[in-house]
J.: 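Could you have a look at this structure, given as structure tokens, before my questions?
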Amino acid sequence: MDDRHIHFCQEKSKVDLKQLKELFRVTAFWAQNRQIEDLAIAIANSDPVVSVWDADRLIGFARATSDCVYRATIWDVLIHPDYQGSGLGRKLIQTLLSHPRMNRVERVYLLTTYQQGFYARIGFEFSNPSTTMVLHNNKPLTGSVPASVMQSH
């Protein structure tokens, strides 16, 4: 692979949303139906955002959310299939982790379906599997809320 034209960008305003949607299409089975408008919202509310370019072609992407001290989560790590296995994924994660909003965070989380081996090789560890929970926001909450929580202060 000729990597002379590959560069990393940390300016979220430079992300080409049409190319990003296409990168999700060819790379991420779990995000096939993401819409450009929603991608723009996700990027606007993430920091840092890192994109990887081969000249003017978007070939990689990742974003994170962080409180800058205790917790951060890495989201949407993508490397185009034509570029996988070349070390770009590792460099993409390293670029995210070295960002000032991430570099002193106590714990950095990520979710992955099939790439556990890749993340383990770059230092991520398996956490206690019983601690991961999810709320699907398209379903109504069940159960009662204690009255003390309902009172406004």
J.: If you look at every heavy atom in Ala55 and His7, which pair is closest and at what distance?
T.: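 In terms of heavy atoms, the two residues are closest at O-CE1, 3.3 Å.
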
J.: More than 12 heavy atoms of other residues, nucleotides or ligands under 6.0 Å from CZ of Arg104: is that the case?
T.: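 Count not over threshold, so no.
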
J.: Partners of Asp76 by side-chain hydrogen bond (donor to acceptor under 3.5 Å, both in side chains), sequence neighbours excluded?
T.: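 In terms of side-chain hydrogen bond (donor to acceptor under 3.5 Å, both in side chains), with neighbours along the sequence ignored, Asp76 is linked to Arg34, Arg63.
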
J.: Who passes side-chain contact (heavy atoms from CB on, under 4.5 Å) against Asp38, sequence neighbours left out?
T.: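 Asp38 satisfies side-chain contact (heavy atoms from CB on, under 4.5 Å) with Gln35, Ile41 once adjacent residues are dropped.
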
J.: Measure the shortest side-chain to side-chain distance between Thr95 and Gln10 over non-hydrogen atoms and say whether it is less than 4.5 angstrom.
T.: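 Touching, per the 4.5 Å side-chain cut-off.
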
J.: Heavy-atom distance under 4.5 Å between the side chains of Leu78 and Leu20, does that happen here?
T.: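 Contact flag for Leu78/Leu20 side chains = yes.
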
J.: Please answer: with hydrophobic residues joined when any side-chain heavy atoms are less than 4.5 Å apart, are Val69 and Leu96 in the same cluster?
T.: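 No; tracing contacts between hydrophobic side chains, which count when under 4.5 Å, never links both residues.
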
J.: Using side-chain hydrogen bond (donor to acceptor under 3.5 Å, both in side chains) as the criterion, list what pairs up with Arg57, not counting sequence neighbours.
T.: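 In terms of side-chain hydrogen bond (donor to acceptor under 3.5 Å, both in side chains), with neighbours along the sequence ignored, Arg57 is linked to His80, Tyr83.
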
J.: Do Ile6 and Trp53 come within less than 4.5 Å of each other through their side chains, counting heavy atoms only?
T.: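 A side-chain contact under 4.5 Å is absent here.
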
J.: How would you list, by chain and number, every residue that makes a side-chain hydrogen bond (donor to acceptor under 3.5 Å, both in side chains) with Thr65, sequence neighbours excluded?
T.: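 In terms of side-chain hydrogen bond (donor to acceptor under 3.5 Å, both in side chains), with neighbours along the sequence ignored, Thr65 is linked to Trp75.
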
J.: Please tell me if the side chains of Pro48 and Met102 come closer than 4.5 Å, counting only heavy atoms from C-beta onward.
T.: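 SC-SC contact between Pro48 and Met102 confirmed.
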
J.: Distance-only, no hydrogens or angles: does the Gln84 side chain make a donor-acceptor pair with backbone N or O of Ile79 under 3.5 Å?
T.: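 Yes.
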
J.: Under a 4.5 Å cut-off applied to non-hydrogen side-chain atoms, are Thr27 and Pro81 in contact?
T.: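 Side-chain contact under 4.5 Å: yes.
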
J.: So with a 6.0 Å cut-off around NZ of Lys91, is the heavy-atom count from everything else above 12?
T.: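 For Lys91, atom NZ is not crowded (no more than 12 foreign heavy atoms under 6.0 Å).
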
J.: Answer yes or no: is there a donor N or O on one side and an acceptor on the other, between the side chain of Arg101 and the main chain of Cys68, under 3.5 Å?
T.: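 Checked: no pair found.
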
J.: Is it true that a side-chain atom of Gln32 and a backbone atom of Arg25 form a donor plus acceptor pair closer than 3.5 Å?
T.: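 At least one qualifying donor-acceptor pair exists.
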
J.: With a 3.5 Å cut-off and sequence neighbours excluded, list the donor-acceptor pairs that the side chains of residues 12-19 form with protein atoms.
T.:
{"from": "Lys12", "atom 1": "NZ", "to": "Ile43", "atom 2": "O", "distance (Å)": "3.3"}
{"from": "Lys12", "atom 1": "NZ", "to": "Ala44", "atom 2": "O", "distance (Å)": "3.3"}
{"from": "Lys12", "atom 1": "NZ", "to": "Ser46", "atom 2": "O", "distance (Å)": "2.5"}
{"from": "Asp16", "atom 1": "OD1", "to": "Lys18", "atom 2": "N", "distance (Å)": "3.0"}
{"from": "Asp16", "atom 1": "OD1", "to": "Gln19", "atom 2": "N", "distance (Å)": "3.0"}
{"from": "Asp16", "atom 1": "OD2", "to": "Gln19", "atom 2": "NE2", "distance (Å)": "3.3"}
{"from": "Gln19", "atom 1": "OE1", "to": "Leu58", "atom 2": "N", "distance (Å)": "2.6"}
{"from": "Gln19", "atom 1": "NE2", "to": "Asp56", "atom 2": "O", "distance (Å)": "3.2"}

J.: How about Val105 and Tyr70: do any of their side-chain heavy atoms sit closer than 4.5 Å?
T.: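 A side-chain contact is absent here, since even the closest heavy-atom pair is not under 4.5 Å.
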
J.: Report the residues that fulfil side-chain hydrogen bond (donor to acceptor under 3.5 Å, both in side chains) with Arg90, sequence neighbours left out, ordered by chain and then residue number.
T.: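 Arg90: no side-chain hydrogen bond (donor to acceptor under 3.5 Å, both in side chains) contacts found.
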
J.: Heavy atoms, side chains only, cut-off 4.5 Å: are Ile59 and Leu23 in contact?
T.: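 No, side chains not in contact.
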
J.: How long is the straight-line distance from NZ of Lys21 back to CD of Glu37, given to the nearest 0.5 Å?
T.: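 Those atoms lie 8.5 Å apart.
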
J.: Might you work through the side-chain contact (heavy atoms from CB on, under 4.5 Å) test for Val26 and Glu22, ending with a clear yes or no?
T.: CA-CA 6 Å; Val26 299; Glu22 178 61 14; 3.4 Å; yes

J.: Pair Leu110, Val77 - check side-chain contact (heavy atoms from CB on, under 4.5 Å), show working.
T.: CA-CA 9 Å; Leu110 66 82; Val77 179; 5.8 Å; no

J.: Output, in order, the C-alpha distance, side-chain angles, deciding distance and verdict of side-chain contact (heavy atoms from CB on, under 4.5 Å) for Phe8 and Val50.
T.: CA-CA 7 Å; Phe8 287 69; Val50 179; 4.0 Å; yes

J.: Do Phe24 and Phe29 come close enough that some side-chain heavy atom pair is under 4.5 Å?
T.: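 No, their side chains stay 4.5 Å or more apart.
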
